[in-house]
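One structure below.
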There are 2 protein chains.
Amino acid sequence: MSFENLTDRELKVLQNLIIHYIRTADPVGSRVIANKFRMGLSPATIRNTMQDLEELGLIKQPHTSAGRIPTDTGYRLFVDMLLKPEPLNDTEKNKIRNMIGANKKGIDSVLSQTSKILGEITNQLGITISPRFEEGILTRIDLIPVSDGKLLVIVAVKSGLARTILMEVESDIEFEELRQMELILNERLVGNSLGHIRKTLNERLSDTQCSPRLLKLFLDSSDEILGEQGDEKLHYTGADKLFSQPEFADRVKLTELIKLLEGRRELVDLVAQKTMTEGIVITIGGEIPINQIQECSLVITQYKIGNISGTIGVIGPTRMPYSKLISIVEYTAKSLTETLSDL
Amino acid sequence: MSFENLTDRELKVLQNLIIHYIRTADPVGSRVIANKFRMGLSPATIRNTMQDLEELGLIKQPHTSAGRIPTDTGYRLFVDMLLKPEPLNDTEKNKIRNMIGANKKGIDSVLSQTSKILGEITNQLGITISPRFEEGILTRIDLIPVSDGKLLVIVAVKSGLARTILMEVESDIEFEELRQMELILNERLVGNSLGHIRKTLNERLSDTQCSPRLLKLFLDSSDEILGEQGDEKLHYTGADKLFSQPEFADRVKLTELIKLLEGRRELVDLVAQKTMTEGIVITIGGEIPINQIQECSLVITQYKIGNISGTIGVIGPTRMPYSKLISIVEYTAKSLTETLSDL
DNA sequence: GTTTGGCAATCTCTTATTTAGAGTGCTAAT
DNA sequence: ATTAGCACTCTAAATAAGAGATTGCCAAAC
């Protein structure tokens with residue numbers, strides 16, 4: 001359904017209604033809109049307009065004789081057409097930047113810290129997902145024997161990120177054997193993205209004449225080494241913020257949400273998929289393909305470390321202050337990208 | 001206060017009361033104890049005994065005309081003297097072992113999985129804390145230049161655990177310089193525990209004649225490299241289990257608990273401290289020095305990986321099935337230790 | 001043709017009131 | 001020492017009553 005021929009008045013009423021509802025969480029009546037927003041119209045007139053909006057499926061009544069609340073469709077229209085992003089003031093910007101910069105002990109801790117900031121200043125659930133290593137361009141592989149029978153594989157990608165994997169090997173592997181393998185790997189793989197390498201690994205290494213057992217080991221563990229999806233780490237902070245929101249008054253919903261968060265996988269997949277594109281992505285209510293959070297919205301965006309990207313954002317009830325959140329998430333991603341390129 | 005001169009009857013009544021209360025979460029009245037537990041005494045007699053127990057501070061009434069519930073002291077006595085550990089059956093044992101073994105992609109994922117098991121089969125909040133690296137005996141240090149200006153430090157300790165730290169260095173460090181530093185570090189530090197090394201680092205390296213700038217860098221980053229407290233990772237799973245318990249009916253308590261969990265640090269410190277000793281440690285209610293969870297109990301124990309130890313256990317309301325939990329936590333720790341030494 | 005005031009109707013939310021039930025503590029009898 | 005009996009207390013659930021909000025619609029006003 002297209003809403004292009006909505007009158008100005010209808011748009012204005014919808015906008016005010018949503019703004020007010022986001023603030024108060026109470027169904028909004030015609031009187032409130034007429035008085036609080038000084039539209040120069042009587043409640044009765046507003047009522048008529050509201051009836052129209054309801055017929056269009058943009059707002060609804062929880063029950064007769066309550067005011068109206070926005071539907072998902074209403075929020076969608078609001079977000080797409082009526083929303084004016086609320087810029088951050090300097091205090092807020094500084095707070096974000098300082099908090100992200102405060103703790104530079106590695107990317108993981110920065111991300112954890114970032115989810116905390118997001119949670120804190122948005123009053124929603126802040127989430128961060130670690131970079132999709134797959135996208136990284138391999139710059140180097142090292143094979144280091146540590147203790148007996150252990151081999152440490154170091155996969156370094158552009159922009160200084162590195163992953164280490166500890167592998168089990170037969171204990172009688174010769175140093176020279178390793179050296180040679182290392183050489184071949186670097187020769188043939190460097191410069192490509194891990195994801196690409198993983199897909200084409202067999203061909204790339206097919207005609208080598210290095211140690212067959214090492215080769216086999218490497219091929220067998222390729223998923224682990226090169227990063228098969230599933231190792232993106234999810235950080236979330238601010239669950240307590242959601243608890244105090246009226247939409248989570250229902251214990252069952254709360255429980256479901258926590259289960260989802262603790263399960264991680266499902267959420268990571270969802271978010272990762274939604275954010276293949278650049279810029280802020282907003283997903284509202286039923287647009288989310290996960291049952292447990294269909295009364296929630298997602299505001300997410302990408303951050304970058306080198307040419308690898310990851311995702312940050314917030315989850316909260318559909319009744320969330322989108323205009324503010326967009327600015328916050330955007331700025332936080334920007335700051336995060338900067339901080340990460342620093343280190 | 002000592003409770004050594006409690007009569008058999010008093011002990012028995014206390015025991016039954018606690019057992020029943022743990023099951024039902026309802027204050028237990030004299031009738032229930034007299035009838036359900038076939039003590040051969042009338043409710044009136046039980047009432048008298050209960051009055052004694054109340055005077056001793058072992059049980060209390062939520063209000064007149066409710067039954068009694070145990071106090072923290074009561075639980076303590078119960079745990080120390082009256083509890084018969086409930087052995088696991090084979091099904092349970094298998095489930096634990098299989099689930100831990102199912103996912104061997106590195107210690108972190110095993111620990112995460114373990115917290116999940118604990119949560120699931122105890123119906124409490126399962127927690128795991130990663131090994132205290134400090135206790136590890138250094139077997140080797142590698143310094144590997146990765147990209148320009150990045151140095152990867154690999155710290156390997158006994159039992160095949162290794163930690164990697166990515167460091168910033170000046171980009172014109174020579175290979176030979178590194179090699180030499182590496183040699184010296186290995187020579188002087190290997191064989192000691194990281195914690196010990198950290199404390200004595202300055203003396204140990206004082207009279208070396210290796211690259212001064214590398215030395216300085218290393219000394220400056222020693223905390224990061226050798227493991228200053230603070231990097232023990234906390235995994236927890238099963239928060240939703242707690243939500244459905246009546247003791248968390250109060251939203252505020254729930255919120256506080258979540259905040260605590262998300263804060264991590266405080267909980268890690270508490271648990272780590274409680275578990276310096278071997279064996280199961282049970283901490284009940286007010287014995288916990290954290291306000292937010294004073295109506296909770298902790299059942300924790302150590303696991304080992306090589307000679308390094310970490311902690312696992314459960315958190316739940318003081319009204320928890322201690323006798324079962326002890327067995328579960330104990331067996332899980334044992335299985336975990338085995339699994340970890342495998343890999 | 002819009003817009004508005006008026007008003008009955010509807011529904012929720014809050015607060016009281018009542019009632020039923022459980023458990024205690026005490027006393028007197030066993 | 002144990003127990004039956006009983007008045008008393010307090011909670012929890014059910015019911016009732018009342019207050020408040022908002023709507024939809026109609027007829028009047030602009």
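Naming convention: chains lettered A, B, ... in sequence-line order (proteins, then strands); numbering from 1 in each chain. As a basis for the values below, the full set of heavy atoms in this structure was taken, side chains included, without hydrogen atoms, waters or symmetry mates.
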Problem set entry | Result of checking Gln61(B), Arg319(B), Lys60(B) against Ile69(B) for side-chain contact (heavy atoms from CB on, under 4.5 Å) | Lys60(B)
Problem set entry | Donor-acceptor pair present, Ser65(B) side chain and dT9(D) base, under 3.5 Å | yes
For this session: Calculate, to the nearest 0.5 Å, the distance between atoms CG and CD1 belonging to Leu118(B) and Ile96(B) respectively.
Result: 7.5 Å
Seminar exercise, completed: The side chain to side chain donor-acceptor pair (under 3.5 Å) partner of Ser30(A) among Arg68(A), Gln51(A), Arg47(A) is Arg47(A)
Problem set entry | Under-4.0 Å side-chain N/O to phosphate OP1/OP2 contact, Arg9(B) with dA1(D) | no
Exercise. Any side-chain N or O of Gln61(A) under 4.0 Å from OP1/OP2 of dT23(D)?
Worked result: no
Problem set entry | Short side-chain N/O contact to dG21(C) OP1/OP2 from Arg31(B), under 4.0 Å | no
For this session: Ignoring backbone atoms, establish whether Ser30(B) has a side-chain N or O less than 4.0 Å from OP1 or OP2 of dT24(C).
Result: yes
Exercise. Want to settle it: does Ser42(B) or Gly67(A) sit nearer the 5' end of DNA chain D, counting the closest nucleotide to each?
Worked result: Ser42(B)
Exercise. What is the distance from NE2 of His63(A) to C1' of dA9(C), rounded to the nearest Å?
Worked result: 14 Å
For this session: Assign the ring pair Tyr21(A) / Tyr75(A) to parallel, tilted or perpendicular, where the plane angle (0 to 90°) is split at 30° and 60°.
Result: tilted
Exercise. What does Ala44(A) touch in the nucleic acid at a heavy-atom separation under 4.0 angstrom: a base, only the sugar-phosphate, or nothing?
Worked result: base
For this session: Find the distance Ile69(B):CD1 to dT11(D):P and express it as a whole number of Å.
Result: 14 Å
Exercise. Does Gln51(A) place a side-chain N or O at less than 4.0 Å from the phosphate oxygens OP1/OP2 of dG24(D)?
Worked result: yes
Exercise. Expressed in angstrom and rounded to an integer, what is the separation of Met50(B) atom CE from dA22(C) atom C1'?
Worked result: 13 Å
Exercise. Between atom OH in Tyr21(A) and atom P in dT22(D), what is the gap in whole Å?
Worked result: 14 Å
For this session: Write down the distance between CG (Asn48(B)) and P (dA1(D)), rounded to a whole number of angstrom.
Result: 11 Å
Problem set entry | Contact under 4.0 Å: Thr64(B) side-chain N or O vs dT24(C) OP1/OP2 | no
Problem set entry | Base dG6(C) paired with Arg47(A) side chain (donor-acceptor, <3.5 Å) | yes
Problem set entry | Protein-nucleotide distance (Leu53(B), atom CG; dT24(C), atom P), rounded to Å | 12 Å
Problem set entry | Arg68(B) CZ - dA22(C) P separation (whole Å) | 18 Å
Seminar exercise, completed: Ile46(A) CD1 to dG5(C) C1', in whole Å, measures 15 Å
Exercise. Regarding Ser112(B) and Ser115(B), is there a side-chain donor-to-acceptor distance under 3.5 Å anywhere?
Worked result: no
